[in-house]
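Beneath this line is the structure, given in structure tokens, with notes to follow.
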Amino acid sequence: MSTDRTIAVIGLGYIGLPTAAILAANGYDVVGVDVNPKHVDAVNRGEVPFVEPALGGFVADAVAAGRLRAQAETPAADVYIVAVPTPFAEGYRVDRRYIDAATDSLLPHLTGRELVILESTSPPGTTEHMAARIAAARPELTGVEYAHAPERVLPGRVMEELVTNDRIIGGLTPAAAERARELYASFCKAELHLTDARTAEMAKLTENSFRDVNIAFANELSLICDQLGIDVWELIELANKHPRVNILQPGPGVGGHCIAVDPWFIVSAAPETSKLIHTARLVNDGKPEWVLDKVRAAAEGLEQPVIAALGLAFKPDIDDLRESPALSIATKMTETITDASFLVVEPHIDVLPDPLNGIGVELLGLSEAVERADVVVLLVDHRQFKELDRVRLAGKRVIDTRGTWR
């Protein structure tokens, strides 16, 4: 192990906290930093403030061993890992305010020997932007090193994939990339690929844009098949019998902190040449409105219909609602179908999120919601929804956006 012993992880969300926990499990002294006091308090109790299988044991053990603690203020450290959100600004450009705030929080503590790693998914040039911001504020510092090491993990499998997935590490200098490689090698057993920071930033965006384009193809097929009276899931199953065809499955849209966001960073960086990526984003962003049209049509002719929306998360069997098309659809249903009452089933949350909370929408269990509903809208293919006895759907108007109940 290198001489880097103390790590500060800025941001204790779905990526930052697992990273902090696995570093602590591998012998580092880790301080997690977060502006949310609920996250700080949960971690210091040895608890996880969101759903991520296997993470709870890592956090509890690390806190009990004195290797992990959380606080609101950024401390002095050998290595800083920045894992904060990168939301949209106007025109789908990256909003750097969280990255800038995290960068500024380092300024009082830097001595010139630190390694600063950006894990937040970012457009090309963001790591350089951090370095320039620090250089402008602390021009006397000459030895701080910078790298970008984007996460490549799947929610629900984070603790496994942090270890087993290849990692791309891009440094502003080769020495910075090598120093970051040594850190990640302490827990990652897969290949560690070194490059420059801009290429690493673009690689993560490219991976998710590739997936987005392929999902858009499936979603566009679903629109075409609906118009032509063809079962899109049967069509895809048959087309995939070709040895070199592997079409993905359509759905109600694309969500999450990566696939729904990252392609826009490429589009905003090169708007004249990213035409395919741009079109795919428009197709996927437009799919929720198509689902809403189906719900409105299903509710027509019913007096004061009861509509049950099954699922709010952006993918199955997790509680992550970020950029979720299911949440967007459920919200717009309540706003546009004014004569209906609404039930929501989301087994991974205890309280409805805004803006559904406090407007008369009920959060129920699956059995009661299906029993009471006139219209059942399957938005997320959670495991328990797949296991529903379909006899219970008899007489209901069903909209299955996932092909689960074919």
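When each of I329, L352, V380 is tested with L312 by the rule side chain to side chain contact (heavy atoms under 4.5 Å, CB included), just one qualifies, namely L352.
The cationic atom of R5 (NZ for Lys, CZ for Arg) lies less than 6.0 Å from the six-membered ring centre of Y28 and within 45° of the ring axis.
Listed for the T401 side chain is no donor-acceptor partner under 3.5 Å among the backbone atoms of G251. Panel note: side chain N26, backbone I22; a donor-acceptor pair is recorded below 3.5 Å. Between the side chain of T195 and the main chain of G170, no donor-acceptor pair closer than 3.5 Å is present.
Annotation: side chain of R69 is not in contact with side chain of V43 (no heavy-atom distance under 4.5 Å). Contact of the V398 side chain with the L378 side chain is not registered, since no non-hydrogen atoms from C-beta on lie closer than 4.5 Å. Contact check for L23 versus V79: no side-chain heavy atoms found under the 4.5 Å cut-off. The shortest side-chain heavy-atom distance between L17 and P49 falls under the 4.5 Å cut-off.
Applying the salt bridge (charged side-chain N to carboxylate O under 4.0 Å, His left out) test to every pair with at least one member in residues 317-346, sequence neighbours left out, gives these pairs: D317-R383, D320-R322. Sorted by first and then second residue, the salt bridge (charged side-chain N to carboxylate O under 4.0 Å, His left out) pairs with a member in residues 349-370 read E362-R372, E368-R372; sequence neighbours excluded.
Using a 4.0 Å cut-off between a side-chain N of Lys or Arg and a carboxylate O of Asp or Glu, R97 and D95 qualify as a salt bridge. Electrostatic pairing of D212 and R281 counts as a salt bridge here, judged by a charged N lying under 4.0 Å from a carboxylate O. Between E207 and K204 there is no salt bridge, since none of the side-chain N atoms of the basic residue sits less than 4.0 Å from a carboxylate O of the acidic one. Between E234 and R406, no side-chain nitrogen of the basic residue sits less than 4.0 Å from a carboxylate oxygen of the acidic one, so the salt-bridge criterion is not met. Salt-bridge check for R179 with E114: failed, with every basic side-chain N at 4.0 Å or more from each acidic carboxylate O. Taking the charged nitrogens against the carboxylate oxygens, E119 and R167 do have a contact shorter than 4.0 Å, which makes a salt bridge. For the pair D61 and R67, the salt-bridge criterion is not met [side-chain N within less than 4.0 Å of a carboxylate O].
With a 6.0 Å radius and a threshold of 12 heavy atoms from other residues, nucleotides or ligands, F217 has its CZ atom at or below the threshold. Other residues, nucleotides and ligands contribute at most 12 non-hydrogen atoms within 6.0 Å of the NZ atom of K38. The environment of CZ in R45 is crowded: more than 12 heavy-atom neighbours from other residues, nucleotides or ligands sit within 6.0 Å. Atom CZ of R211 has 12 or fewer heavy atoms from other residues, nucleotides or ligands within 6.0 Å. A 6.0 Å sphere centred on OH of Y98 holds no more than 12 heavy atoms belonging to other residues, nucleotides or ligands.
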Item to check | Derivation of the side chain to side chain contact (heavy atoms under 4.5 Å, CB included) call for I81 and L183 | outcome: CA-CA 11 Å; I81 296 176; L183 178 74; 4.1 Å; yes
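Residues satisfying the ring-ring contact (aromatic ring centres under 6.0 Å, His included) criterion with H39, sequence neighbours excluded, are absent altogether.
The nearest pair of heavy atoms linking I169 to A177 is CG2-O, 3.8 Å. Taking all atoms of both residues into account, the shortest heavy-atom contact from G171 to A176 is CA-CB, 4.4 Å. In terms of heavy-atom proximity, C188 sits nearest to L192 at SG-CD2, 3.8 Å.
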